[in-house]
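Take a look at the structure below.
Just so you know, ligand 1 is whichever comes first in the structure, and atom 1 is the first atom listed for that ligand. If you're wondering where the values come from, they're calculated on a predicted model, not measured in any experiment. Values below: every heavy atom of this structure, side chains too, minus hydrogens, waters and symmetry copies.
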Amino acid sequence: MFSPISDQGFPALSKLSDHPPVWVAEDVSEALDFYFKQFSPHKISILADTNTSEFCLPILKSKIKSLENAHLITIEAGEASKSVDSCAMIWKELNKNGTDRKSLLCNLGGGIVGDLGGFAASTFMRGIPFIQVPTSLLAMVDASIGGKTGINFSGIKNLVGTFQQPAGIFIQPGFLSSLPEEELVSGFAEMAKHALIEGGDHWRKIMNIEPKDSKELRNLIVESVALKLSITEKDFKESGLREVLNLGHTSAHALEALYFSAGKQIMHGYAVAAGLAIETYIAQHLKTGLSETEAEHIRQFIYLKIPSVSFDSSQIEALIDLMDHDKKNREGKIRFSLLASIGKPIQGCDAPREVIRNAFNNYLADVSHP
Ligand SMILES: NC(=O)c1ccc[n+]([C@@H]2O[C@H](COP(=O)([O-])OP(=O)(O)OC[C@H]3O[C@@H](n4cnc5c(N)ncnc54)[C@H](O)[C@@H]3O)[C@@H](O)[C@H]2O)c1
Ligand SMILES: [Zn+2]
């Protein structure tokens, strides 16, 4: 479905899309330099977190002259920074730096920096240009693509946000060398989700790689990005097709909320992996067409590659109650995006509580008796 477009100006780069331009390269500085010269922003600000300012910023700055005098805005690493307070701090900093609509915000970081910076930029002065330079695997293949920005509000994730495409996305897989291993595995779960949606060769390749081997992962980043692009370009505002990207996520969000309510956190990707496994059972119960062989195949792959999520069977009713509040629900029904087969996703499937309860129990039985 996809072949990288090799742009004549940058033979070493892959340009995966034009609107916005999406570049993937071992070194994106050439593309970034070209972009800065073409656009010549009045002011440049860089948003980074406490980790990416230490590990990624020096790499970027050493290569790109235009960034020498950029104004650095730093947030604490972690989900707590995706808040209205951090956003207000960024607006203040942008204002202090004399930012206008011909200025630019460069978001250098994982999904937190990208979502928060994208939101701050898309609302400051009714919208200033921003670019995404993702540094976590999850942000490279998922969060930086598709133009969703946002912050958490009133204890609800991504409650406030915008749909706003960045002016460019610059993906340099080399940044992954400083990413903690569990973050790599977490991002791998989203790559597995993309591969399940696409099927074919993409899925075969994913099945055969080791998530902790960042070299192997890098080769698959292009395919993963291309899959997300192909869907979000067709349905930017999630009025239908884009919902397939929620595969595994109805269960994942409930698990994350359960942990959150107990004052604990789990890696998003681990919750997604559990969700992918749980929802194969739901697909089977609802007879979407997913065969026993494929469902078993998916589950074994997940159990082998990604750590499982622990919860107790007494918490299943609470998990289903949490699903009742999912943004995707319609008319009080709990909705899932499921697989009819590997490579054939379907969206908008309603599942009764009984089916969801069984699926959680099946998962628990699987992971407690490997
Ligand atoms: N906008 C979207 O479409 C979309 C899609 C998926 C997820 N998200 C959002 O993304 C966020 C999660 O993103 P994430 O998993 O990237 O989390 P994150 O931004 O917190 O990054 C994970 C951790 O890795 C660190 N880090 C990032 N890159 C690094 C590097 N190269 N070297 C060393 N450390 C590095 C960060 O400082 C952080 O501690 C969530 O808030 C989620 O809601 C958004
Ligand atoms: Zn996700």
I'd like to check which ligand 1 atoms, numbered from 1 as shown, lie under 4.0 Å from a non-hydrogen atom of [X].
X	result
Asn158	43 (O)
Lys82	9 (C), 40 (C), 41 (O), 42 (C), 43 (O)
Asp49	36 (C), 37 (O)
Glu79	40 (C), 41 (O)
Phe55	33 (C)
Ala77	37 (O), 39 (O)
Lys148	1 (N), 3 (O)

Going by the angle between their ring planes, with limits at 30° and 60°, are Tyr363 and Phe311 parallel, tilted or perpendicular?
->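 The arrangement is parallel - the two ring planes meet at less than 30°.
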Side-chain ([X]) to main-chain ([Y]) donor-acceptor, under 3.5 angstrom:
X	Y	value
Thr135	Phe175	no
Asp27	Ser29	yes
Arg242	Ile231	no
Thr123	Phe119	yes
Thr250	Arg335	yes
His253	His249	yes
Asp49	Ile75	no
Ser81	Glu76	yes
Thr74	Ala48	no

Counting heavy atoms only, which of [options] comes nearest to [atom]?
atom	options	answer
atom 3 (O) of ligand 1	Glu76, Glu54, Lys228	Lys228
atom 27 (C) of ligand 1	Thr135, Asn51, Val113, Thr50	Thr135
atom 7 (C) of ligand 1	Leu138, Ile59, Leu137, Asp142	Leu138
atom 42 (C) of ligand 1	Lys157, Glu182, Glu256, His268	Lys157
atom 13 (O) of ligand 1	Ser53, Gly111, Gly109	Gly111

Heavy-atom distances under 4.0 Å are what count here, so tell me which part of [X] touches ligand 1: side chain, backbone, both or neither.
X	value
Thr149	neither
Thr52	side chain
Leu179	both
Cys56	side chain

Which residue holds the protein heavy atom closest to [atom], what is that atom called, and what is the gap in Å?
atom	answer
atom 5 (C) of ligand 1	Ala143 CA, 3.5 Å
atom 33 (C) of ligand 1	Ser178 O, 3.2 Å
atom 16 (O) of ligand 1	Ser136 OG, 2.5 Å
atom 21 (O) of ligand 1	Gly110 CA, 4.2 Å
atom 17 (O) of ligand 1	Ile112 CG1, 3.9 Å
atom 23 (C) of ligand 1	Glu183 OE2, 3.5 Å
atom 9 (C) of ligand 1	Asp115 OD2, 3.4 Å

Is Asp142 close enough to the Zn ion (ligand 2) to have an N, O or S atom under 2.8 Å?
->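 Here the distance criterion (N, O or S atom, under 2.8 Å) is not met by Asp142, so no.
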If you round to the nearest 0.5 Å, how far is [atom2] of [Y] from [atom1] of [X]?
X	Y	atom1	atom2	value
Ser144	Ile131	OG	CD1	11.5 Å
Lys193	Leu227	NZ	CG	9.0 Å
Ser337	Ile282	OG	CD1	11.0 Å

Qualifying residue for side-chain contact (heavy atoms from CB on, under 4.5 Å) with Leu339, from Ile298, Ile346, Val244 =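 Option passing the side-chain contact (heavy atoms from CB on, under 4.5 Å) with Leu339: Ile298.
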Compute the shortest N/O to N/O distance between Phe175 and ligand 1 and return yes if it is under 3.5 Å, no if not.
->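 Checking ligand 1 against Phe175, an N or O pair does fall under 3.5 Å apart.
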Please find the N/O/S atom of Glu190 nearest to the Zn ion (ligand 2) and write down its name.
->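 So the atom name we want here is OE2.
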Row check, Tyr281 ring normal vs Arg299 NZ/CZ: under 6.0 Å, within 45° |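 Yes; both conditions hold, so Arg299 lies above the ring face of Tyr281.
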